[in-house]
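Before any comments, here is the structure.
A, B, ... follow the sequence lines: proteins, then strands. Residue 1 opens every chain.
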There are 2 protein chains.
Amino acid sequence: MIKTSHISERTIGRLSLYRRLLHQLQADEKVNVFSHEIAQLSGVTAAQVRRDLMAIGYSGSSVHGYDVYQLNDSISRFLDAPQIQNVALVGVGNLGQAVLTYLSGRRPKLSIVAAFDKNPVKVNRVINGCRCYPMNEFAAQVQQQKIEVGIIAVPGSEAQAVCDTMVASGIRGIVNFAPATLKTPTGVHVEVLDMAVSLEKAAYFARIG
Amino acid sequence: MIKTSHISERTIGRLSLYRRLLHQLQADEKVNVFSHEIAQLSGVTAAQVRRDLMAIGYSGSSVHGYDVYQLNDSISRFLDAPQIQNVALVGVGNLGQAVLTYLSGRRPKLSIVAAFDKNPVKVNRVINGCRCYPMNEFAAQVQQQKIEVGIIAVPGSEAQAVCDTMVASGIRGIVNFAPATLKTPTGVHVEVLDMAVSLEKAAYFARIG
DNA sequence: TTATAACTGTGAAAAAAATAACAGCGTTAC
DNA sequence: GTAACGCTGTTATTTTTTTCACAGTTATAA
């Protein structure tokens, strides 16, 4: 039995950042990169980068640092599922549409395959390249399209209900844009993207430093 | 000399959450609340709540817990500036518009007073209740309207340039939606809201747990 | 009045995360 | 060939954050 070396949430986030950076470096035709370069570009320390990379078990060379292509590949093998993971978006307002625009085609291994909205005008239309279904078809679509991840982009008052539907449908990874703290059973992971809180924090630190 | 008891970024974020919750409780006409209730509703431990509240120096009673109104007020005095803090938004695409809709009128002490876009079609129009200016007026508007906080909602490739303009104009608190790691001088606070990273994290933990 | 109960505020302990420190190792320079 | 260099991988240390544990407090009830 393989020892499930636990990797922290923080590290996963940084690995995602490093990968984005490597993608850029590849575009710039850079072949090798040192931990301190990655560090500089992603705003962390070199030691942290090396420590994070320990987690995925890719080794660089002491002379040339890391091979950009191989490191990118290693991180991808670590972060991505072997097959594509399908994603559902609930809430196709401005924010939902921004999410669709923004995330579509960005990651080859993550695909938003269905959107849901309660507005009848939107239902059964294709918006930003994504078919919009009524909410009552959620569970069916999740099952049919093997959806594993949900994005909540509805008003705060509706977020918990949407979340409950997601969890009941078997979704275990959720990105929540709504201004609400979601109650979920253990085993379900919620990523919080709370504009209101972030703005308040930024405003606070703009004053206090 | 007053000892500047440093309060962690994490704590600031939670205080913002608690306040939102208290606002809800007030609407429900709840008068008193215990630390374990706040904890339950915001998904943290009771000890954490009490410790966070230590930071703002508001004391509850051992019998009735905290007075909802007074605690709300205390957190607000702590988080908010005495006067309104003005905010500028750069990038009025789907996301920018969602941000405008979403944040306008939500916090009395934070007001988005100007939007900026390079698209001439949008410039000099009022979008979602906010006047849109061309980017070259940024510094002037910041000065004129005493803007302290900036929100970046442009594509990743333009984010650093926008950020530099903000910093040069004296802004010290930034909310960044763009998929880019911003370089800023010390003293400038950047709040990261990165959809791509969040989605990847959610997808990872949906698989791994 | 005195005992009971349930909470807060906070020091102490534990856990988690970040940083520092350094041994070891290919390259290069001489 | 070998000394010196500058990097990685990893252990040790420090710092930060969270949790625990409990003394102290205030209402209530007998």
Side-chain angles (χ1 to χ4, degrees), chain A residues 3-18 22 25 30-72 74-75 78 181 186 189 192 201 205, chain B residues 3-18 22 25 30-68 70-72 74-75 78 181 186 189 192 197 201 205:
Chain A
K3 185 170 130 249
T4 310
S5 61
H6 183 67
I7 286 162
S8 82
E9 207 171 314
R10 290 274 186 76
T11 295
I12 300 298
R14 283 191 298 264
L15 286 171
S16 172
L17 278 181
Y18 301 157
L22 290 166
L25 293 180
K30 195 158 161 55
V31 176
N32 296 107
V33 66
F34 296 118
S35 63
H36 67 261
E37 294 178 294
I38 297 177
Q40 146 93 53
L41 291 167
S42 50
V44 301
T45 65
Q48 178 108 108
V49 171
R50 293 201 300 275
R51 179 166 275 284
D52 287 338
L53 295 187
M54 267 179 75
I56 65 170
Y58 175 70
S59 280
S61 114
S62 45
V63 179
H64 301 110
Y66 305 96
D67 178 293
V68 173
Y69 177 83
Q70 283 178 27
L71 179 53
N72 189 354
S74 284
I75 295 179
F78 181 82
T181 302
T186 51
H189 180 89
V192 176
K201 283 173 72 181
F205 287 109
Chain B
K3 188 173 126 242
T4 309
S5 63
H6 184 67
I7 287 162
S8 82
E9 208 172 314
R10 289 272 183 79
T11 295
I12 300 297
R14 284 190 298 262
L15 286 170
S16 172
L17 279 179
Y18 301 157
L22 290 166
L25 293 179
K30 195 159 162 56
V31 176
N32 297 106
V33 66
F34 296 118
S35 63
H36 65 261
E37 295 178 294
I38 297 177
Q40 146 93 53
L41 290 167
S42 50
V44 301
T45 65
Q48 178 101 81
V49 171
R50 294 201 299 275
R51 187 159 281 281
D52 286 338
L53 296 187
M54 269 179 74
I56 65 170
Y58 175 70
S59 280
S61 116
S62 45
V63 178
H64 301 109
Y66 305 95
D67 178 292
V68 173
Q70 282 178 26
L71 179 53
N72 190 353
S74 283
I75 295 178
F78 182 83
T181 302
T186 52
H189 180 90
V192 176
V197 169
K201 282 173 72 181
F205 287 109

Is any side-chain heavy atom of [Y] closer than 4.5 Å to one of [X]?
X	Y	answer
V44(B)	V49(B)	yes
D67(B)	Y58(B)	yes
L71(B)	I38(B)	yes

Whole Å only: how far is the [atom1] atom of [X] from the [atom2] atom of [N]?
X	N	atom1	atom2	value
D67(B)	dT26(D)	CG	C1'	16 Å
N32(A)	dC7(D)	CG	P	13 Å
Q48(A)	dT14(D)	CD	P	18 Å
E9(A)	dA15(C)	CD	P	19 Å
D52(B)	dT19(D)	CG	P	10 Å
F34(A)	dG9(D)	CZ	C1'	15 Å
R50(B)	dG11(C)	CZ	P	14 Å
M54(B)	dT19(D)	CE	P	16 Å

Touch class at under 4.0 angstrom, heavy-atom based, for T11(A) against every strand present: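 Answer is nothing: T11(A) stays at 4.0 Å or more from every strand.
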Sugar-phosphate, base or nothing in reach of H64(A), heavy atoms under 4.0 Å: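 If one applies the 4.0 Å heavy-atom cut-off, H64(A) turns out to touch nothing in the nucleic acid.
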Residue met sooner reading DNA chain C from 5', once Y58(B) and V44(A) are mapped to nucleotides: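 Its nucleotide being nearer the 5' end, the pick is Y58(B).
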Closest nucleotide among dT8(D), dA27(D), dG9(D) to the S59(A) side chain: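 Between dT8(D), dA27(D), dG9(D), the one nearest the side chain of S59(A) would be dG9(D).
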Residue R10(A), side-chain heavy atoms: nucleotide from dT8(C), dT18(D), dA17(C) that is nearest: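 The answer is dA17(C).
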N32(B) and Y66(B): side chain donor to acceptor below 3.5 Å: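 No - no donor-acceptor pair under 3.5 Å links their side chains.
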Short side-chain to backbone donor-acceptor contact, Q40(B) and E37(B), under 3.5 Å: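 Looks like no, no N/O pair under 3.5 Å.
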Residue-phosphate contact under 4.0 Å: S61(A) side-chain N/O, dG26(C) OP1/OP2: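 For dG26(C), OP1/OP2 do not have a side-chain N/O of S61(A) under 4.0 Å.
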N or O in side chain of T45(A) less than 4.0 angstrom from dT19(C) OP1/OP2: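 Looking at the OP1 and OP2 atoms of dT19(C), one of them is under 4.0 Å from a side-chain N or O of T45(A).
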Base of dT18(D) paired with side chain of R51(B) (donor-acceptor, under 3.5 Å):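 Between dT18(D) and R51(B), which were checked side chain against base, a qualifying N/O pair under 3.5 Å is absent.
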Distance-only donor-acceptor test (3.5 Å): side chain S62(B), base dT25(D):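 Yes, the side chain and the base share a sub-3.5 Å donor-acceptor pair.
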